[in-house]
Enquirer: 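Starting off with a structure, shown below.
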Amino acid sequence: MRTIGLIGGMSWESTAEYYRILNERTRERLGGLHSARCVLFSVDFAEIEELQVQGRWAEAGEVLADAARALEAAGADLLLICTNTMHKVAEQVGAATDVPLLHLADTTAAAVRSAGLRRVGLLGTAFTMEQDFYRGRLAAGGLDVLVPNAAGRALVHRVIYEELCLGVVRDESRAAYREVVADLIARGAEGVVLGCTEIELLIGPADSAVPLFPTARLHAEAAVDAALAGRAG
């Protein structure tokens with residue numbers, strides 16, 4: 001198995017899920033006591049969040065690029081940025097090393113297409129929902145992307161940063177997310193992309209009348225499959 005390099009900590013709550021899913025997928029593929037070969041560079045999310053708010057994306061990208069270089073030096077054969085929002089700087093990070101970067105939006109788009117769907121709702125941070133770096137990548141992958149209205153986007157963003165990134169999971173927020181999802185479905189969404197890796201800590205299949213696409217799980221499982229490519233099992 002090739003070694004998977006994780007750029008995590010944004011937030012560590014969802015990075016912990018990545019680690020769990022990587023190992024579960026490896027055990028599923030190989031059986032027995034097998035676990036994933038991986039290395040983790042966990043950044044300080046408070047520093048990254050401040051750069052996000054200030055629009056200093058190039059500086060945030062350099063922090064992640066430094067992490068990528070450290071993972072390459074540690075023996076990583078494949079890189080993951082364990083957050084949707086910071087794929088805004090994916091090109092900068094990918095250019096920092098010779099290690100291939102598995103883009104989260106690409107794995108998500110592939111999963112949606114495999115399910116036979118094309119029109120999806122997108123939940124995520126305001127950056128992810130409102131800017132083109134992620135929506136455009138999904139569209140380039142053949143998808144028609146809907147986002148919540150302004151009030152819905154504000155709600156989804158607030159819950160991510162003020163609750164989920166702090167490990168707080170509230171029933172009231174789950175109910176509010178269900179309403180946002182229902183509105184997207186009413187507008188024609190055939191599925192909903194959980195385009196923030198923390199969102200799947202809050203809602204799951206029971207909260208939606210259409211398929212949900214949990215990006216952290218899809219990304220981690222695709223990474224294991226890539227790391228095991230060419231190996232029987």
Enquirer: First locate atom CG of N84, then atom OG of S14, and finally report the distance between them rounded to the nearest 0.5 Å.
Expert: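 One gets 9.0 Å once the value is rounded to the nearest 0.5 Å.
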Enquirer: Please confirm whether Y19 and W12 have ring centers closer than 6.0 angstrom.
Expert: no
Enquirer: Which heavy atom of F133 sits nearest to which heavy atom of F127, and what is that distance?
Expert: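 Smallest heavy-atom distance, with atoms named: CE2-O, 3.3 Å.
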Enquirer: Between R119 and D144, is there a side-chain N and carboxylate O pair less than 4.0 Å apart?
Expert: yes
Enquirer: Indicate yes or no: at least one non-hydrogen side-chain atom of I203 is less than 4.5 angstrom from one of V181.
Expert: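 Contact flag for I203/V181 side chains = yes.
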Enquirer: Assess whether a salt bridge exists between R29 and D225, defined as any Lys/Arg side-chain N lying under 4.0 Å from an Asp/Glu carboxylate O.
Expert: yes
Enquirer: Take L104 and Y134 through the test side-chain contact (heavy atoms from CB on, under 4.5 Å) and record every step on the way to the result.
Expert: CA-CA 9 Å; L104 201 161; Y134 196 86; 3.5 Å; yes
Enquirer: Does E163 come within less than 4.0 Å of R170, counting only side-chain N to carboxylate O?
Expert: yes
Enquirer: Is the closest basic N to carboxylate O distance between R69 and D66 below 4.0 Å?
Expert: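 D66 and R69: salt-bridged.
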Enquirer: For S35 and M1, work out which heavy atoms get closest and say how close.
Expert: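 It is O-SD, 4.3 Å.
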Enquirer: Are the charged groups of R25 and E28 less than 4.0 angstrom apart, N to O?
Expert: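 E28 and R25: salt-bridged.
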Enquirer: Can you tell me if T128 uses its side chain to pair, donor with acceptor, with the backbone of G124 under 3.5 Å?
Expert: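 Answer holds: no.
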Enquirer: Does either side chain, that of T215 or that of T197, offer a donor lying less than 3.5 Å from an acceptor on the other one?
Expert: no
Enquirer: Quick one: does any side-chain atom of R2 pair with a main-chain N or O of A226 as donor and acceptor, under 3.5 Å?
Expert: yes
Enquirer: For H219 and Y18, I'd like to know if the aromatic rings sit close, meaning centre-to-centre distance below 6.0 Å.
Expert: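 Distance test on ring centres: under 6.0 Å, yes.
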Enquirer: Please assess E200 against R217 for the test salt bridge (charged side-chain N to carboxylate O under 4.0 Å, His left out), listing each intermediate value before the final yes or no.
Expert: CA-CA 9 Å; E200 55 213 82; R217 173 168 292 279; 5.4 Å; no
Enquirer: Kindly give the heavy-atom pair with the smallest separation between L40 and T15, and that separation in Å.
Expert: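 Reported closest heavy-atom pair: CD1-CG2, 3.8 Å.
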Enquirer: Run the side-chain contact (heavy atoms from CB on, under 4.5 Å) test on M129 and R135 for me, step by step, so that the C-alpha distance in whole Å, both residues' side-chain angles and the decisive distance to 0.1 Å come before the verdict.
Expert: CA-CA 7 Å; M129 292 185 288; R135 292 171 58 179; 5.5 Å; no
Enquirer: Would you confirm whether E190, through its side chain, and V210, through its main-chain N or O, come within 3.5 Å as a donor-acceptor pair?
Expert: no
Enquirer: Quick one: does H157's side chain have a donor or acceptor within less than 3.5 Å of a partner on A126's backbone?
Expert: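 Yes: the side chain of H157 pairs with the backbone of A126.
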Enquirer: Looking at A220 and I21, what are the two nearest heavy atoms and their distance?
Expert: CB-CG2, 3.6 Å
Enquirer: Would you confirm whether Q92, through its side chain, and A58, through its main-chain N or O, come within 3.5 Å as a donor-acceptor pair?
Expert: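 The answer is yes, because a donor-acceptor pair under 3.5 Å joins these two groups.
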Enquirer: Any sub-3.5 Å donor-acceptor pair from D207's side-chain atoms to G204's backbone N or O?
Expert: yes
Enquirer: If you round to the nearest 0.5 Å, how far is NE2 of H87 from CD of Q131?
Expert: 14.5 Å
Enquirer: Using modelled atom types and a 3.5 Å cut-off, is there a donor and acceptor pairing between side-chain atoms of N23 and backbone atoms of A36?
Expert: yes
Enquirer: Atom CD in E198, atom CD in E13: separation rounded to 0.5 Å?
Expert: 8.0 Å
Enquirer: Are side-chain heavy atoms of L202 and Y177 found at a separation under 4.5 Å?
Expert: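 Yes, side chains in contact.
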Enquirer: Once you round to the nearest 0.5 Å, how far does CG of L164 lie from CZ of R158?
Expert: 10.0 Å
Enquirer: Quick one: do Y161 and L166 satisfy side-chain contact (heavy atoms from CB on, under 4.5 Å)? Show the steps, please.
Expert: CA-CA 7 Å; Y161 279 92; L166 299 174; over 6 Å; no
Enquirer: Can you spot which of V120, L146, L122 makes a side chain to side chain contact (heavy atoms under 4.5 Å, CB included) with L184?
Expert: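 Among V120, L146, L122, the one that satisfies the side chain to side chain contact (heavy atoms under 4.5 Å, CB included) with L184 is L146.
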